[in-house]
Amino acid sequence: MLQLQYIKEHREECISRLKIKNVKDLEARVDEILAIDAERRALQVKADAVKADQNRIAKEIGALMKEGRRDEAEDRKAESGKLKAESEELASRQAEAEQALNEKLLSLPNAPHPSVPEGRSAEDNVVVAQHDVKINLPENALPHWELCQKYDIIDFELGNKITGAGFPVYKGKGARLQRALINFFLNEAAEAGYQEIMPPLMVNEASGLGTGQLPDKEGQMYAIPLDGFYMIPTAEVPITNLYRGEIVDARRFPIRHVGYSECFRREAGSYGKDVRGLNRLHEFSKVEIVVIEHPDRSYDTLEEMKHHVGSLLEKLGLPYHVLKLCGGDMSFTSAMTFDFEVWSAAQQRWLEVSSVSNFETFQANRMKLRFKDEAGKPQLCHTLNGSALALPRIVAAILENNQTPDGILMPQCLVPYLGFDRID
RNA sequence: GGAGAGAUGGCAGAGUGGUCGAUUGCGGCGGUCUUGAAAACCGUUGGCCUGCGAGGGUCCGGGGGUUCGAAUCCCUCUCUCUCCGCCA
């Protein structure tokens, strides 16, 4: 969530930044927050004064009792009793104001960086980079779901049987390809300085709140109500929450992590050709990079992360472009996001395989993730993350783009991990 | 799943109704000494809210209660540890 202090001190700037995200009733919501905060502070000043009186009297009673002046102590007790009622009343009003303030703040999205383009939908995203690769498709090129069947490497029907739609079963060379990609991505990230984490695949509610999945995207996660857990939609959740509530040593910046996990998403409301084959799944594998960074350096780090993601796609020999998301297409939590899309030649469409974002202090504020600045004062860190990479659509593009009459050729960089160079 | 013990500051560990935001040790930071370092010695060392400031308030796992007053007493939840059972 946004920092209250920022909203207070930069109301105009805050509103103009949020406008880009097409927030409804924006000014009214911001002003309501400011009003509730003012009320809350006024209540606290009053409550503190009453409390101070109570504390003083309680000490006096202690002293009087020690000296054996019981009558005077009893007078004091009566006095304190009156204050108690007043103090309880003030405290409960203050708690109400605090809760209201918190709810309002929690429901306000992150303010986009001033350079984020305006726009309503994905149509308005801006292509900022393009990397072409020549593709020679055979005459009778097949979409990946037919290739999966032809070579018996990914079985969607079997997944339906044992779980349901969107839970494919990888077989033989298809399974081996998954494992190879995961290892390739993890090794590349390790070489780039990211420490590997293998996180739990279920998290508690506090973690969901920390990274912003809760409360507003609750319906997107699979829940385990009996134990109060959620299946993670991305490794971002457990890895970023590793630092929840911490005051980290500024000398550790940037804190770079990479982790592979299965990701679980309900994807309620999805349908049609978008969900065909590997295009959209309920469970998929992803390698994620997460960085905790000093606010002054976070946008440089975002560039480094983009560079890392781009280098992976280039090694895999996939054509891709990079989109800078417009305000209307950005996530609730992000201040700036770049999407990487690969060209899937047989489907003739772009598939999103990575999303790299800077959240600035939005997540850090929710999870109280801080560092000490030069003056020794705690400040919020910036958090960033990006897919590096999500497997299914990478697999779809590899299968489609590299198909030949003699089988599907594997990218050279994967051969050492695979132990074969083609699927046939 | 059954039985028991526990949760205090970065860590360890005192504190069982009043002057305790909390003894002490370690660690951290600053200094003295030293060519430098170590050792030794001295000092210092939490977060949050509020206030221009002085200051005030708050926090001893979470929530609730008793009391003029709670780290300390009561209830409850969560978590951790030990033993038994089960198990990869």
Side-chain angles (χ1 to χ4, degrees), chain A residues 1-9 33-106 198 200-210 214 223-230 238 241-253 255 262 292 361 364-381:
Chain A
M1 66 192 158
L2 289 171
Q3 293 176 81
L4 181 60
Q5 195 186 349
Y6 171 75
I7 302 175
K8 255 156 66 176
E9 289 171 8
I33 286 170
L34 294 177
I36 295 173
D37 176 56
E39 187 198 348
R40 181 195 120 247
R41 276 179 297 139
L43 284 167
Q44 179 169 355
V45 170
K46 273 193 216 165
D48 283 359
V50 176
K51 276 265 190 179
D53 279 347
Q54 283 181 285
N55 289 343
R56 184 177 47 75
I57 292 172
K59 273 188 186 172
E60 286 171 7
I61 292 171
L64 290 170
M65 296 290 264
K66 208 168 257 180
E67 294 172 33
R69 294 151 73 182
R70 300 199 68 96
D71 292 352
E72 289 173 64
E74 288 303 323
D75 288 349
R76 288 294 182 172
K77 280 192 190 183
E79 199 178 328
S80 176
K82 280 181 218 156
L83 289 177
K84 189 173 182 179
E86 190 180 347
S87 139
E88 276 170 359
E89 153 81 8
L90 285 167
S92 88
R93 282 171 60 195
Q94 193 188 342
E96 272 172 37
E98 232 148 64
Q99 198 193 332
L101 180 65
N102 201 38
E103 273 169 25
K104 302 287 174 199
L105 278 173
L106 229 39
M198 190 179 257
L201 303 185
M202 294 188 217
V203 292
N204 57 28
E205 188 180 351
S207 295
L209 276 167
L214 296 174
I224 319 285
L226 194 60
D227 299 285
F229 296 149
Y230 294 88
N241 274 285
L242 254 26
Y243 296 92
R244 171 153 44 85
E246 297 287 314
I247 297 183
V248 300
D249 189 334
R251 287 172 295 194
R252 291 178 64 193
F253 288 141
I255 301 174
E262 287 299 289
I292 316 289
T361 59
N365 192 29
R366 287 185 165 211
M367 63 173 84
K368 296 286 168 276
L369 162 52
R370 293 167 294 171
F371 69 100
K372 283 199 171 158
D373 64 16
E374 297 77 1
K377 298 206 76 174
Q379 303 283 348
L380 294 173
C381 303

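Small disclaimer: the values here were computed from a predicted structure and weren't measured. The sequence lines fix the lettering, A, B, ..., with proteins before strands; numbering per chain opens at 1.
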- Message: Would you measure the distance from the P atom in B:G9 across to the matching atom in B:U67 and give it in whole Å?
- Response: 30 Å
- How far does the C1' atom of B:G10 sit from the matching atom of B:G46, given to the nearest Å? 9 Å
- Query: Touch check for A:Arg370, heavy atoms < 4.0 angstrom, all strands: base, sugar-phosphate only, or nothing?
  - Reply: sugar-phosphate
- Task: List in chain and number order the residues that pass ring pair (Phe, Tyr, Trp, His ring centres under 6.0 Å) with A:Tyr243, two or more places apart in sequence or in another chain; answer none if no residue qualifies.
- Result: A:His257
- Message: List the residues meeting side-chain contact (heavy atoms from CB on, under 4.5 Å) with A:Ile224, not counting sequence neighbours, and say none if there are none.
- Response: A:Met202, A:Asp227, A:Phe229, A:Met231
Show me the donor-acceptor pairs within less than 3.5 Å that the side chains of residues 76-90 of chain A make with the rest of the protein, sequence neighbours left out.
from: A:Arg76; atom 1: NE; to: A:Glu60; atom 2: OE1; distance (Å): 3.4
from: A:Arg76; atom 1: NH1; to: A:Glu60; atom 2: OE1; distance (Å): 3.2
from: A:Arg76; atom 1: NH1; to: A:Glu79; atom 2: OE1; distance (Å): 3.4
from: A:Arg76; atom 1: NH2; to: A:Glu60; atom 2: OE1; distance (Å): 3.4
from: A:Ser87; atom 1: OG; to: A:Gln54; atom 2: OE1; distance (Å): 3.2

- Query: Which part of the nucleic acid, if any, lies within reach of A:Lys377 when heavy atoms closer than 4.0 Å are counted: base, sugar-phosphate only, or nothing?
  - Reply: nothing
- Message: What's the gap between B:G56 and B:C20 when it is taken at their P atoms, as a whole Å value?
- Response: 16 Å
- Message: Once ring pair (Phe, Tyr, Trp, His ring centres under 6.0 Å) is applied, do any residues pair with A:Phe371, and if so which ones, sequence neighbours excluded?
- Response: A:Phe253, A:His294
Distances for protein N or O near nucleotides 50-56 of chain B N or O, under 3.5 Å:
from: B:U50; atom 1: OP1; to: A:Arg40; atom 2: NH2; distance (Å): 3.1
from: B:G51; atom 1: OP1; to: A:Arg41; atom 2: NH1; distance (Å): 3.0
from: B:G56; atom 1: N2; to: A:Asp48; atom 2: OD2; distance (Å): 2.7

Just the table, please: protein N/O against nucleotides 66-77 of chain B N/O, every pair under 3.5 Å.
from: B:C68; atom 1: O2'; to: A:Ser80; atom 2: OG; distance (Å): 2.7

- Task: Using both pair distances under 3.5 Å as the test, note the stems of at least 3 consecutive Watson-Crick or G-U pairs that include RNA chain B.
- Result: B:1-7 with B:78-84, B:10-12 with B:24-26, B:27-32 with B:40-45, B:46-50 with B:55-59, B:61-65 with B:73-77
- Message: Contact between A:Leu2 and A:Asn365 at the side-chain level, heavy atoms closer than 4.5 Å - yes or no?
- Response: no
- Message: For A:Lys8, I'd like to know if atom NZ has over 12 heavy atoms of other residues, nucleotides or ligands within 6.0 Å.
- Response: yes
Distance-only donor-acceptor hits, side chain of residues 96-104 of chain A, under 3.5 Å, sequence neighbours excluded:
from: A:Glu98; atom 1: OE2; to: A:Arg40; atom 2: NE; distance (Å): 3.4
from: A:Gln99; atom 1: NE2; to: A:Glu103; atom 2: OE2; distance (Å): 3.2

- Nearest-Å distance for atom pair CG/P, residues A:Asn204 and B:U78: 14 Å
- Task: Could you pull out all residues at least two apart from A:Asp249 that satisfy side chain to side chain donor-acceptor pair (under 3.5 Å)?
- Result: A:Arg251
- Contacts of type side chain to side chain donor-acceptor pair (under 3.5 Å), residue A:Gln379, not counting sequence neighbours: A:Asp373
- C1'-based separation of B:A7 from B:A71 [nearest Å]: 12 Å
Donor-acceptor pairs under 3.5 angstrom involving side-chain atoms of residues 44-52 of chain A: please list them, not counting sequence neighbours.
none

- Task: Could you work out the separation of B:C26 and B:U58 based on their P atoms and round it to a whole Å?
- Result: 33 Å
- Contacts of A:Met65 meeting side-chain contact (heavy atoms from CB on, under 4.5 Å) (sequence neighbours excluded), chain-then-number -> A:Ile61, A:Arg70, A:Ala73
